[in-house]
Amino acid sequence: MPVHNTEIAEIFNEYADLLEIEGTNQYRVRAYRNAARNISVFSRSIAEMANQKEDLSRIPGLGEDLTVKVFDIVNTGKLLQLEKLKERLPAGLLDIIRLPGLGPKRAGVLYSKLGVTSIEQLEAAAKQHKVRELPGFSVKMEENILEDIKRRGKAGTSEKRYKLFTVEEIGKDLLSYLKKINGVKRVAIAGSYRRRKETVGDLDILVTHEKQADVMQQFTEYEDVERIVSRGETRSTVILRSGIQIDLRSVAEDSYGAAMHYFTGSKAHNIAIRKKGVNKGLKINEYGVFQGDELITGRTEEEIYARVDLPYIEPELRENNGEIEAAQEGKLPKLISLQDINGDLHSHTSATDGRSTLEEMARAAKEKGYQYLAITDHSKHVTVAHGLDAERLAQQIDEIERLNDRLDGIVLLKGIEVDILEDGSLDLPHDILKRLDLVVCAVHYKFNLPADKQTERIIRGIDNSYFTILAHPTGRIIGEREPYQLDMERLMKAARETGCILELNAQPSRLDLTEVYARMAKEMNVMVAISTDSHSTNEFDSMRFGIYQARRGWLEPEDVLNTRSRKELQKLLKK
DNA sequence: GCCGTTTTCGGCCCGACTGTTTTCAGTCG
């Protein structure tokens, strides 16, 4: 079982946490965190690279020492130094530093003075009023700790992340409330929401104002606020009833661009930009770009980038994952946008588990301005969806052909979402598949095969000459179902050889491919189709989530199949 | 522990809020 990049990153992060509790030099701690971040966003499998003895030191943040440690983790699945550290420092301390207001320093004090090694022991100590006596603590903090432990028990242990589409509504309501406040000029959501990450942990909102004190007062009085975490003159934090945290930052109009840049992040991108500023003798913060004490600029983000000799960088790219280097070299991608999309290549009808008819779907697609829509109902193996057998599919093909004669301005493409069976064969015979314009293939059961078996299963499918598009390639559902085990690099090589296309499923709960795999596809010359997998006419709007994810994956219009006109598409499909 | 169109050693992004602080440490983003 190969070690995933995220697992290596987790080990480094855990090690950094414990080193910090122990009181290690903060720059050493930072080096581990920095390496962890770079590893988690790296587009190739580092375990794979290590096995092939490739040079790992070209991964940012990996020097001589950490390269050796990565090799150890890849070979053994763990880091010996971390295991040894855990013998000295109990792992329960890692839970304690996740409580708000408790960091490594205070966790270290709790451990050394009271021997506290778990949340339960911390709760007991706080109830006996032992915590308030400690240096760096207070009565108030002791009360907060007890309250947070109670709250934590209610909400579960892991910090919650929200899917992008679920926070959109919360954000919209709050935005319109803030806009009505007297003296407020501009309101915008920044943070990972603006970077269009598939999930966001909190909402970061920026306002410009005439009288800031009033903004903070009214913000914290918003009817949905359950708890005020902090409230200052320029920055406040609240928790809404839904549990989501909102950070509000207010600045003067002249600082809007600088504040937007600062508040959009990512943190790693900001640090890299600020470092470039330092090299040019400039200080960059949320108020602007400074030379000495003099404010040079700050009204727009473009100006901030220009001061460090860079062109504007789109928010979706700001992860310090190569975008700054690309900007320097004038090689930023011209990111795909919703307007580039000319059709949808994955949709269902009421013949199986959809809720709209062929004709309803066709008319809705036409209204979106599309030139084509592929109808791809399930095949017979998906019995719960009443999947089509060869006979019913033949009827649907006839029906589509009759409908196309009547339709104007939109063409329905004849397709199927056919199951890839456990042995890699397809769920329908070739003599019916050959009547179709395209064949979308997917795995819908036996998710738990080991990686080599699952990869071979799909590659055998790809080898089938009728195979066009691999739908939702990893099968993950955000927050609900893990991706199945796959060797994605191997799969993409096979896809490249046969000209098979990978879907980026735009359903906001799937977004499968991830941005990392989307970028990998681009780098490996595998074409991507962004598809909504719509089960009714109102799901076509999900396309934008697919576009966001594609942009995060650096995709340009030419990388995406359904930016093609109908004629170009049909030429490509004939091959 | 990393890293270098000044550097292989000496730096390492920058600021707000809290608590209790009379000048700052800890935490957070």
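Just so we're on the same page: letters track the sequence lines, and every chain starts at 1.
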Every protein N/O within reach of nucleotides 3-10 of chain B N/O, cut-off under 3.5 Å:
unit_1	atom_1	unit_2	atom_2	d
dC3(B)	OP1	Gly61(A)	N	2.9

Protein-nucleic acid N or O pairs under 3.5 Å, nucleotides 21-29 of chain B:
unit_1	atom_1	unit_2	atom_2	d
dT27(B)	OP1	Gly103(A)	N	2.6
dT27(B)	OP1	Gly103(A)	O	3.3
dT27(B)	OP1	Arg106(A)	N	3.1
dT27(B)	OP2	Lys105(A)	N	3.3
dC28(B)	OP1	Gly101(A)	N	3.0
dG29(B)	OP1	Gln245(A)	NE2	3.3

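Mapping Val139(A) and Ser236(A) onto DNA chain B via the closest heavy atom, the residue that lands nearer the 5' end is Ser236(A). Map Tyr15(A) and Asn144(A) each onto its nearest nucleotide of DNA chain B; the residue landing nearer the 5' end is Tyr15(A).
The stretch residues 126-137 of chain A does not touch DNA chain B, since none of its heavy atoms comes less than 4.0 Å from the strand. Residues of residues 20-27 of chain A that place a heavy atom closer than 4.0 Å to DNA chain B, in numerical order, are Asn25(A), Tyr27(A).
Considering only heavy atoms from C-beta on, Phe12(A) comes within 4.5 Å of Lys69(A) through its side chain.
Lys69(A) comes within contact range of the sugar-phosphate backbone alone, with a heavy-atom separation under 4.0 Å but no base atom that close. Leu66(A) comes within 4.0 angstrom of sugar-phosphate atoms only, judged by non-hydrogen atoms across all strands, and of no base. In this structure, Ile284(A) reaches the sugar-phosphate backbone alone: every heavy-atom distance under 4.0 Å involves primed, P, OP1 or OP2 atoms, never a base.
In this model, the phosphate group of dG15(B) is approached by a side-chain N or O of Asn285(A) to a distance below 4.0 Å at OP1 or OP2.
Put simply, CZ on Arg231(A) is 13 Å from C1' on dC17(B), counting in whole angstrom units.
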Please tabulate, for the side chains in residues 266-274 of chain A, all donor-acceptor contacts under 3.5 angstrom to protein atoms that are two or more places apart in sequence or on a different chain.
unit_1	atom_1	unit_2	atom_2	d
Ser266(A)	OG	His269(A)	N	3.2
Ser266(A)	OG	Arg318(A)	O	3.0
His269(A)	ND1	Glu323(A)	OE2	2.7
His269(A)	NE2	Tyr305(A)	OH	2.9
Asn270(A)	ND2	Tyr262(A)	O	2.8
Arg274(A)	NE	Ile284(A)	O	3.2

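For the salt bridge (charged side-chain N to carboxylate O under 4.0 Å, His left out) test, no residue two or more places apart in sequence or in another chain qualifies with Arg58(A).
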